[in-house]
Amino acid sequence: VLATLEAARPPTKWWFGDQIGHADIALACAWRFVTDAHPGLIAPSALPRLAAHAARAEGLEVFQSVQQAFAAPA
């Protein structure tokens, strides 16, 4: 799925243009979960468009204000 999304990533700032939307938020959250819950499972260098997209979203103040450290289930 990630390879398909990487190939489909449009050249716009956000997935559907200049305004952030639900798809952008969902992608950033999914990226964060996978990289936190399964470190090393995906290499950001293999998916540079998705990695940049997630980093752009996570760079927003609103994302930074709600970030929590990952806590694996006991």
Can you sort out the partners of W14 under ring-ring contact (aromatic ring centres under 6.0 Å, His included), two or more places apart, ordered by chain and number?
-> H53
Applied to residues 63-74, the salt bridge (charged side-chain N to carboxylate O under 4.0 Å, His left out) test, sequence neighbours excluded, yields none
Does any pair with a residue in residues 61-74 pass side chain to side chain donor-acceptor pair (under 3.5 Å), and if so which ones, sequence neighbours excluded?
-> none
If two hydrophobic side chains count as joined below 4.5 Å and joins carry through other members, does L60 share a cluster with L27?
-> no
Side-chain donor-acceptor pairs of residues 37-51 under 3.5 Å, sequence neighbours excluded:
residue, atom, partner, partner atom, Å
R49, NH1, E6, O, 2.8

Atom of A28, atom of A57 and distance for their closest heavy-atom approach | CB-CB, 3.6 Å
Could you give all pairs that pass the salt bridge (charged side-chain N to carboxylate O under 4.0 Å, His left out) test and reach residues 65-74, with sequence neighbours left out?
-> none
Taken in chain and number order and not counting sequence neighbours, the residues that satisfy side-chain contact (heavy atoms from CB on, under 4.5 Å) with P11 are none
For F63 against I20, the heavy-atom pair lying closest together | CE1-CD1, 4.3 Å
Does anything in residues 21-42 pair up under salt bridge (charged side-chain N to carboxylate O under 4.0 Å, His left out), and if so which pairs, sequence neighbours excluded?
-> R32-D36, R32-E58
Taking a hydrophobic cluster as the set of Ile, Leu, Val, Met, Phe, Trp and Tyr residues connected by side-chain heavy atoms closer than 4.5 Å, whether directly or through intermediates, do W31 and L5 fall within one such cluster?
-> yes
F70 vs T35, side chain to side chain contact (heavy atoms under 4.5 Å, CB included): CA-CA, chis, key distance, verdict | CA-CA 10 Å; F70 178 74; T35 57; over 6 Å; no
